[in-house]
Amino acid sequence: MQRKQEFLEWLRSIEKKWQEVWREKKVFEANPREDTPKFFITVPYPYANGPLHIGHGRTYTIGDIIARYKRLRGFNVLYPMAFHITGTPIIAYSEMISRGDPKTVDLYRSYISLYVEDRKEVEKILESFKDPLNLAEFFASRIQSDFEELGYSIDWRRKFHTGEPPYNKFVTWQYYKLQEKGLITQGDHIVTYCLLHKQPEGEDDIQDADVNPVEIMEYTAVKFTMPSRGWTLLAATLRPETLFGVTNVWVHPEGDYVLFEWNNEKILVSEKAFIKLQHQYPEEEFSVLARVKGREIIGEEVVSPFGDKVLVLPAWFVDVENATGVVYSEPSDAPYDYVALMEIKSRPELLGEYGLNPELVARIEPRKIIDVPGVTGHHAEIAVKNAGITSQSDPRLEDVTREVYKEQFYNGVLIIDHPEFKGLSVREAREKVREYLYREGKAIPFYELNRKAKCRGGGEIIVAKIKGQWFINYNLEWLKEKTRKMLENDEIKIIPSKYKKAFLDTIDWLDKRPCARKRGIGTRLPWDPEWIIESLSDSTIYMAFYTIAHLIREHSIPPESLIPDVFDYVFLGKESPEEVSKKSGIPVELLKEMRKEFTYWYPVDHRHTGVPHISNHLSFYILHHIAIFGEKYAPKTISLNETVIREGAKMSKSKGNVIPLRHIVTLYSADLFRLYISWAASLDSVLDWREAEVDKVVSSLVKFVNIAKSASTTECRLGENVYTDWFINKFYGLIAKATNHMEKLEIREYVQTVFFDALSLIDKYRDMMGDEYVCGVRKILKDWITVLNPVIPHITEEINTWLGYTDLLSTSKWPTPPTIDEEIIILVDSVESTIEDIKELAGLIRKESFKVYVIIAPEWKREIAKMAIENTSLKTIIEHMRSTYGLRGREAEIAEAYNTYKRVDREVLLRIAKTTSRREREVYTALSNYIKSKIPGIQEVIVLWEDEARNKGIPKAERALPLKPALYIE
């Protein structure tokens, strides 16, 4: 353990050293160079309301690996960064700190303590957070520090935050452009809404919405009349087609319900549902008549829209905070309903508590209304019994329900007598029954979220209708059609490609989206300044601002000079710089320089981000670019990675298993983190951070550094030999393979190949060469550290100095592999295979001491393999062998070799065709001592030609084949 800690301390020290060198030399500051191809890569700017964790680090590290790789490939790379502070979260946390909310105060005290040790200073900073801008700027500066300590190759000159006046001017311009294009509308719409702050909230303002999206779902709230009291119960469902099979209605016996008058009806829903209805129908009047406990209506008879008279029964699975808190029961097709019905039937004593007649409940039976091929009887009953579920509190009911609903949706057909719906598929019936119920006034729409959610300030999120709301209207066919075309034709490339469908699906369903609110940090809507532009809506084309942010700062351009005409010229090429200069006061040459920056760097070549952003930010990013800049400047590539969990569990503050980025350099090291996070999972897989695996990576890093140290300090006089020839060719084969992986953004495979596979190759080479192996490693070490530089830049820069180089590795060139001698690779690999064959043979004869004869096939057998590849007929081959090799009388051997080749994979034949018998014998002769060293008991390894062996009378020598020598033990 001590050795590990010492190694990590050494790593941290060289990381600081090289970060300082890069900073002093301004290595990653990128300026237009017309003679050099450019590469512009961006990642999401982080939200500056607290420290980031390793989940964020995965995305930013992959972005940096791509940036560093492209630099080594000869591109002029721009990798910029900014900070997102707009929206409500920062204000919400600031207000809670001002109010002295103990949970928030403790949380932010712990956040500050990650960076500041002095307790008095911590309290002083915490007090300053009562000003939200102080909170934002504190964490923006600390996140920058975290990124620098991880070695990110960022051009920090271009940083900004989204509350700065110049950025506000840029966003104002964006909205004028969107308005010109017809994307801005005003009207009433259903939105996610915060009850605490009384305003719409977008994904950026909802807790965990970046990894657990919040979606609006339309329930059908079905009216069940209660004749005895003149009331109506609203029972919400996502499956209105199942109404034909209703057997009863469920309420939670201890739930809180509200009776209210609405449009001359007395309606009962849960207390929480009443609040939601008021917000979803804001133009209508509601009068509360009474507060009711669920138990008060148990046993009442209610009537469905189709005339079915059913009882109200108690059920504890009913969530009064979800939908209306009233659920109708269809136990034939709903597993929850089936289990609850069977459970209540089995407890007559419970029924007595609510004054229910057990005999009435005992008569209730499921009614089959949906036919699914292969399912006889009641679908829910079969699924529940197969799972062995007996309680409505069994968590497995969720999965069973999901499977039943899925199968019915795709394969189910209604078997009912209603003339309008009989014989319809479940998929068709769902929409038609809903439309019928709405049309007849038998149901109303009720909107709910797919999960419970809170805003970042702790306010409860519901679904509400907002009147006079400003929207971005994405439902413009010209815009959707251009976007679809570019995605489908890979003009905008999605990596991994499996996510392309998610983009296309999102583009299809995107409609109107609230783009402004009345509270929060941000840019005022220019034509209606009581509204503030929403935080996702102001963060769609900010990549363009990177191209000029540093010039605005360097030349102290005042915000009032950044009139729309300036951005029209810089980004769209409108008007002349002279005309724009007169209007804005910005010098002509500076305007030209700003225009040059934009046209050089745009479009964004690569955007890397997390998968959860597909349904919002990434789709808006594409749409806004196409709408404002046109197809020419649309994004070229978008890559995505999945999330990070830890030790098999989702990371959360409550579990205490979050690793802040700040802890990377104290618990691990930058290069260790970069290596592990890029290797532990493919982009499209969730990465499970496991300490045991991290420890293994530490061991591999130690091994790598020790090898590099030995190779760079050992004096070598290594002559040519087969082992080294094989090793170097094999190594450059790995480099070619790794380069191919990197070009396809197969990051994990690239790291596996160039680091772990290369270490394994060196182990094998050491096995062959002994201590002199370091001299062979010395031959490839410069190229090895170069291809590893994108992943572990600090260690490789250090090793580069050990080799005597003074130029920075980070700005060097990716190696061009020499022409690879495939023959030596194939032949040495075949020796390894032969060693395994000898071991097997030696095990059978069980001798303590023996000689091994390795019998090499003649060239004519290789030629048969080559002719077999070309599908030459056996007759032609025999004639050729007779005339060319004088094999008359050995036709049976020719035929046997030919028939053997017809049975093997074409790949094997191609490998044979790349080798010669002469070199095969040379390699086996050269490696005879190596073969001997690998198998106990061998006195001698004797390599013979097949004809030599036959002349010596060695049995079965004629069985020798190319790459598969015959073996004889004596």
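- Between Ala67 and Ile41, the closest heavy-atom pair is CB-CG2, 3.9 Å.
- The minimum heavy-atom distance between Leu11 and Ser669, with the atom names listed, is CD1-OG, 3.2 Å.
- Note: Tyr546 and Tyr45 fail the aromatic proximity criterion, with ring centroids not under 6.0 Å apart.
- We find that Glu20 and Arg23 are joined by a salt bridge, their nearest charged nitrogen and carboxylate oxygen being less than 4.0 Å apart.
- With a 6.0 Å radius and a threshold of 12 heavy atoms from other residues, nucleotides or ligands, Lys26 has its NZ atom at or below the threshold.
- Of the residues Leu788, Val787, Asp671, Thr786, the one that meets the side chain to side chain contact (heavy atoms under 4.5 Å, CB included) test with Thr796 is Leu788.
- The existence of a salt bridge linking Lys454 and Glu460 is excluded, since no basic side-chain nitrogen approaches an acidic carboxylate oxygen closer than 4.0 Å.
- For the pair Trp601/Asn76, a side-chain contact is recorded, criterion being any heavy-atom separation below 4.5 Å from C-beta on.
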Checklist line | Check against salt bridge (Lys or Arg N to Asp or Glu O under 4.0 Å), Glu9 and Arg12 | finding: CA-CA 5 Å; Glu9 283 299 326; Arg12 294 176 196 124; 2.7 Å; yes
Next item on the list: Report the C-alpha distance between Glu201 and Leu196 in whole Å, list the side-chain angles of each, state the deciding distance to 0.1 Å, and finish with yes or no for side-chain contact (heavy atoms from CB on, under 4.5 Å).
Entry: CA-CA 11 Å; Glu201 301 285 16; Leu196 176 65; over 6 Å; no
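- Using modelled atom types, one side-chain atom of His84 and one backbone atom of Ser535 make a donor-acceptor pair closer than 3.5 Å.
- Checking Glu743 against Tyr69 by side-chain atom types alone, a donor-acceptor pair falls below 3.5 Å.
- With a 4.5 Å cut-off on side-chain heavy atoms, Leu135 and Ile97 count as touching.
- For Phe28 and Tyr79, the ring centers are positioned 6.0 Å apart or more.
- Separation of atoms OH (Tyr93) and OG1 (Thr88) is listed at 9.5 Å; rounding is to 0.5 Å.
- Annotation: cation-pi geometry satisfied between Arg68 and Trp22 (NZ/CZ under 6.0 angstrom from ring centroid, within 45° of ring axis).
- Look at Lys38 and Asp605 and you find a salt bridge, because one of the NZ, NE, NH1 or NH2 atoms lies within 4.0 Å of a carboxylate O, short of that distance.
- Between the side chains of His606 and Thr637, no donor N or O sits under 3.5 Å from an acceptor N or O.
- Proximity of a side-chain donor or acceptor of Ser94 to a complementary backbone N or O of Ile91 within less than 3.5 Å is not detected.
- Side-chain polar atoms of Asp783 and Tyr732 form a donor-acceptor pair below 3.5 angstrom.
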Margin query: Before you tell me yes or no, could you show the steps for Ile664 and Glu149 under side-chain contact (heavy atoms from CB on, under 4.5 Å), namely the whole-Å CA-CA distance, both residues' side-chain angles and the distance that decides it to 0.1 Å?
Written below: CA-CA 9 Å; Ile664 293 303; Glu149 289 185 339; over 6 Å; no
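- Under 4.0 Å is where a charged nitrogen must lie from a carboxylate oxygen, and between Lys696 and Glu693 at least one such pair does.
- In this structure, Tyr152 has its ring center under 6.0 Å from that of Phe147.
- Atom CG of residue Leu745 and atom NE2 of residue His608 lie 8.5 Å apart, to the nearest 0.5 angstrom.
- The pair Arg109-Glu123 counts as a salt bridge, with a side-chain nitrogen and a carboxylate oxygen less than 4.0 angstrom apart.
- Between Phe138 and Ser128 the shortest side-chain heavy-atom distance does not fall below 4.5 Å.
- The environment of NZ in Lys782 is crowded: more than 12 heavy-atom neighbours from other residues, nucleotides or ligands sit within 6.0 Å.
- Under the rule for a salt bridge (charged side-chain N to carboxylate O under 4.0 Å, His left out), the partners of Arg157 that lie at least two apart in sequence or sit in another chain are Glu29, Asp155.
- Here the closest non-hydrogen pair linking Glu642 and Arg58 is O-NH1, 3.0 Å.
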Check: Which is it for Arg71 and Ser810 under the side-chain contact (heavy atoms from CB on, under 4.5 Å) test, yes or no, and what are the steps along the way?
Finding: CA-CA 8 Å; Arg71 235 176 248 113; Ser810 296; over 6 Å; no
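- Thr59 contributes no side-chain N or O that, together with a main-chain N or O of Thr609, makes up a donor-acceptor pair within less than 3.5 Å.
- A salt bridge does not link Lys124 with Glu127: none of the charged nitrogens is closer than 4.0 Å to a carboxylate oxygen.
- Put simply, the side chain of Phe673 reaches to within 4.5 Å of the side chain of Ile54, judged on heavy atoms.
- Inter-residue side-chain proximity for Glu798 and Trp10 is flagged as met; some heavy-atom pair is nearer than 4.5 Å.
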Checklist line | Chi angles and distances behind the side-chain contact (heavy atoms from CB on, under 4.5 Å) call for Ile143, Met81 | finding: CA-CA 11 Å; Ile143 291 168; Met81 188 61 63; over 6 Å; no
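- For the 3.5 Å distance criterion, the side chains of Lys650 and Asn657 fail to qualify, holding no donor opposite an acceptor.
- Nearest heavy atoms, Phe83 versus Ala48: CB-CB, 4.5 Å.
- Under the 3.5 Å distance criterion, with hydrogens and angles disregarded, a donor-acceptor pair is assigned to the side chains of Asp146 and Tyr115.
- Qualifying side chain to side chain donor-acceptor pair (under 3.5 Å) partners for Asp684, counting only residues two or more places apart in sequence or in other chains: none.
- Scanning both residues, Phe727 and Ile762, for their nearest heavy atoms gives CE1-CG1, 3.8 Å.
- Without hydrogens or angle criteria, Arg674 side chain to Leu150 main chain gives a donor-acceptor distance under 3.5 Å.
- No side-chain donor-acceptor contact under 3.5 Å links Ser619 to the backbone of Asn616.
- Looking only at side-chain heavy atoms (C-beta outward), Pro44 and His613 come within less than 4.5 Å of each other.
- With hydrogens and angles ignored, the 3.5 Å screen pairs a side-chain donor or acceptor of Asp64 with a backbone N or O of Ser153.
- Residues Ile85 and Phe139 are not in side-chain contact: their nearest non-hydrogen atoms beyond the backbone lie 4.5 Å or more apart.
- Side-chain atoms of Tyr621 and Ser539 include no donor-acceptor pair closer than 3.5 Å.
- Arg766 forms a cation-pi arrangement with Tyr773, by the criterion of a distance under 6.0 Å to the ring centre and an angle within 45° of the ring axis.
- For the pair Lys120 and Asp118, the salt-bridge criterion is not met [side-chain N within less than 4.0 Å of a carboxylate O].
- In this structure, the side chains of Tyr668 and Val694 come closer than 4.5 Å at one or more pairs of heavy atoms.
- Side chain of Thr643 to backbone of Val686: no donor-acceptor contact under 3.5 angstrom is found.
- Side-chain atoms of Trp689 and Glu691 include a donor-acceptor pair closer than 3.5 Å.
- In terms of modelled atom types and a separation under 3.5 Å, the side chain of Arg607 and the main chain of Leu618 share no donor-acceptor contact.
- Electrostatic pairing of Glu749 and Lys744 does not count as a salt bridge here, judged by no charged N lying under 4.0 Å from a carboxylate O.
- Checked against side chain to side chain donor-acceptor pair (under 3.5 Å), Lys703 has the following partners two or more places apart in sequence or in another chain: Asp763.
- Side-chain N or O atoms of Arg451 include one that pairs as donor or acceptor with a backbone N or O of Asn212 at under 3.5 Å.
- Listed here is the closest heavy atom pair of Ile795 and Val705: CG2-CG2, 4.0 Å.
- Here the side chain of Thr86 pairs no donor or acceptor atom with the backbone of Ile521 at under 3.5 angstrom.
- Taking the centre of each ring, Trp679 and Phe756 come in below the 6.0 Å mark.
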